[in-house]
Trainee: 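I have a structure here, written as structure tokens, and I will follow up with some questions on it.
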Amino acid sequence: MLYREAGDFKTSYRADSQTFPIRLDRWAYYATLAAAVLIVPLVINDYWLNAIFLPVLIYGIAALGLNILVGYCGQLSLGTGGFMAVGAYSCYKLMTAFPDINIAIHVVISGLVTAAVGMLFGLPSLRIKGFYLAVATLAAQFFLVWLFNRVPWFYNYSASGQINAPERTLLGVPITGAGTQAWATYLFCLAFLVASAWICRNLTRGAIGRKWMAIRDMDIAAEIIGVNPLRAKLSAFGVSSFFVGIAGALFFAVYLGAVEVGEAFGINKSFLILFMIIIGGLGSILGSFLGAAFMVLLPVLLKNVLVGGFGWPTVLAAHLEVMIVGGLIVFFLIVEPHGLAQLWRVTKEKLRLWPFPH
Amino acid sequence: MKTILTSLALGAALTGGPALADLTFPSLSYRTGPYAANGMQFADGYADYFALINARDGGIGGEMINMPECETAYNTEQGVECYESTKNAGDGALIYQPLSTGITYQLIPKLAADGIPMHTLGYGRTSVSDGDVFKWIFNYPATYWDGASVAIKYLLEENGGDLSGKKIALLYHNSAYGKEPIRTLTELSGMHGFEFSQIAVDHPGQEQKSQWLQIRRDRPDYVIMWGWGVMNQVAIQEAANIRYPMDQIIGSWWAGSEVDVLPAGDGADGYKALNFHAVGDDFELYDALEEYVWSQGLGAGGGEYAGSVIYNRGIYAAMIAVEAARKAQEIHGVSAIDAAQMRDGLEQLEMTEEKMAELGLAGFGPTFSASCRNHGGSGRVAINQWNAGDQTWSVLTDYIQSDQELIARLVEEDSTAYAQENGIPPQCE
């Protein structure tokens, strides 16, 4: 009933292959986008921004990036935390070296730097795959964190090894630093998320995305039909790292403002983002968002319910949270191994046929 | 019992109302994660002192204390969430004491923008002791650089005033916290002619085999250790394993509590650590705590950790918060102070022997007085030593004065750089 297709005819190839072929879906998308751009900035406060919106937006970009690599191209990677660190540190170096250039450009360049680093660490993927590649990218994770801890140039020789984001503006509005406004940082990150999703969607449904998916499904067959594995795999590493780098730059500069590499970009971050795409749905743009939202919101929600609502001690709530989140992950993987996106897809199918299923 | 207290406190925070929410001191604690063993003790001490003030005195100047607790797990992201969720609790948070260098760095600019003071008792960014630049942040009674300087001073004394040719290694937690003393120790090695080497241990610090292999090979004359949480236990155990003489290790004040040395058993006998407050429970205040808090079932941990080093530090931190609030009430002549008034209280705080004796904590910490410029206290630190036989820390020295001239120069350099980077005008003109 919700998803009526009656009367929703496609008369051109263009109409048939659009991102949201169902009219209701399309409207829902435009409505969400309009609400996100027009309404949220008016009502957002510091708590909603820092505890919910910024982490969801930024992890959403990181999950998109990793989903390109793991979900679309089938190259298992555990180096996400390290690549985020590359984005963060290049953004820091750029911000301090060129204070007059606006921050959006720094973020994009950080993404490009990370893309280069990502392609470098993607080189072993030509020879090894699966779990062996996961271990090779794990090496990238540890190496990069070690590097940023070891070489003082990266943190401008500061006494503590921490990097701090100084105030930088976009069109005169502060985006980083202490004097930011909730709506400004929110819109800044939202713009990056929307642009990232738009680019990802169009890449994955075009020729390059088909090549990635061919490599993922069977690399030898893909090679026989004319896909160049070198180009396909390295482009996946490059594009993926680009978005992960942007997420890292935003994570450091806009969200936290000060970062300690081992703590913020450790191996846990790699796992967290991997969980996001597994739970959200591999090979799905929507899945990246759902996964990021799930992993960020659930702990906050549980905390607010258990501590705020029931008044339980924080330590009991913290331990329960770990158990509940872990349990839910296992539950989801058993009930729906293709993730939340698949759950949504199935719901949609059922709604389109309702009330007359086959 | 803890449940009841916490639910009461949180119930108060939630239901709000002018009658309940008064002076709000949020506690960003960590009772989970790799640093929980230490975090729990501090949080208990912090909560118990406020519980005592509420139960015995009916609050500060007639205003009850409200302490919403939030679990950070020593994680900066959760710390930010906790800060945002507690800063408007009750009538607004008056002071933050996050007990984490990482979270401190995160909050320094945010708190300055929001106008809420923070007290980082012997941790956090050392150069915040320059009140000229860091208006809202305090770190008295002593800073990391004071600690490093005192450790070297003590070693100088032990070696007849000459350390030339000696080898001193710094074993540190590879994070902002652990890196803090490096700059001071490098300067001091130039001044006193000892050979200084740095050995990093990555978070959380369970894996230290290679570091201790290096120590066994190099045989430094002294090891200074800047560790926290599980790293300390492992380090002391490893030191005992390679039979490194315990009395040649000096831990920072975050590497000098019972939980750090107990796992190594007799092997830890003679281990030394810095400290800026007294140890044990031989204070009048503890009788009051027994009478009004623990025996009433109001204790955060049932008084389990009473008298332990980190518990005492929690008491110390809470005591400073309460005294600063009292001072603020006195300066401004109102009992329901706000965050800005609280800051004035912190800035004009003076801890004297008489005041501490009055509080039932005679001789508990060094005396100091803060000012607009000086947010770092007097910089006097003592050396403690662990006795594994009777499982107690004993105070080995009086409070030793750090090299003020050197520290002042280093602080000036660092804070000036920060002020320039962030465009902060000096406030004490």
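The sequence lines fix the lettering, A, B, ..., with proteins before strands; numbering per chain opens at 1.
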Trainee: Name the region of A/T96, side chain, backbone, both or neither, that has any atom closer than 4.5 Å to a heavy atom of chain B.
Mentor: neither

Trainee: Any side-chain heavy atom of B/K179 sitting closer than 4.5 Å to one from A/Y155?
Mentor: yes

Trainee: Does any non-hydrogen side-chain atom of A/P299 lie less than 4.5 Å from one of B/Q78?
Mentor: no

Trainee: If you tally heavy-atom pairs under 4.5 Å against chain A, which of B/D114, B/N75, B/D414, B/D202 wins?
Mentor: B/N75

Trainee: Where does A/Y255 contact chain B at under 4.5 Å (heavy atoms): side chain, backbone, both or neither?
Mentor: both

Trainee: Quick check for you: to the nearest 0.5 Å, what is the distance between B/Y418 atom OH and A/S158 atom OG?
Mentor: 12.0 Å

Trainee: Between the side chains of B/E81 and A/Y47, is a donor N or O closer than 3.5 angstrom to an acceptor N or O?
Mentor: yes

Trainee: Against chain A, work out which of B/G423, B/A113, B/A176 has the most heavy-atom pairs shorter than 4.5 Å and name it.
Mentor: B/A176

Trainee: In terms of side-chain heavy atoms, does B/S175 have a donor or acceptor partner in A/E263 at a distance below 3.5 Å?
Mentor: no

Trainee: Output the distance between atom NZ (A/K303) and atom SG (B/C82), rounded to the nearest 0.5 Å.
Mentor: 4.0 Å

Trainee: Under 4.0 Å between a Lys/Arg side-chain N and an Asp/Glu carboxylate O for B/E77 and A/K269?
Mentor: yes

Trainee: Pick one of side chain, backbone, both or neither for A/F142, based on which atoms fall under 4.5 Å of a heavy atom in chain B.
Mentor: neither

Trainee: In terms of heavy-atom pairs under 4.5 Å, which option from A/A318, A/A264, A/A258 contacts chain B the most?
Mentor: A/A258

Trainee: One thing to verify: whether A/D46 and B/K87 come together as a salt bridge, which I'm taking to mean a side-chain N less than 4.0 angstrom from a carboxylate O.
Mentor: yes

Trainee: Could you measure the distance from the CD atom of B/E180 to the CD atom of A/Q162? Nearest 0.5 Å is fine.
Mentor: 9.0 Å

Trainee: Quick check on the interface: out of A/I52, A/N149, A/N50, A/L316, who has the most heavy-atom pairs with chain B under 4.5 Å?
Mentor: A/N149

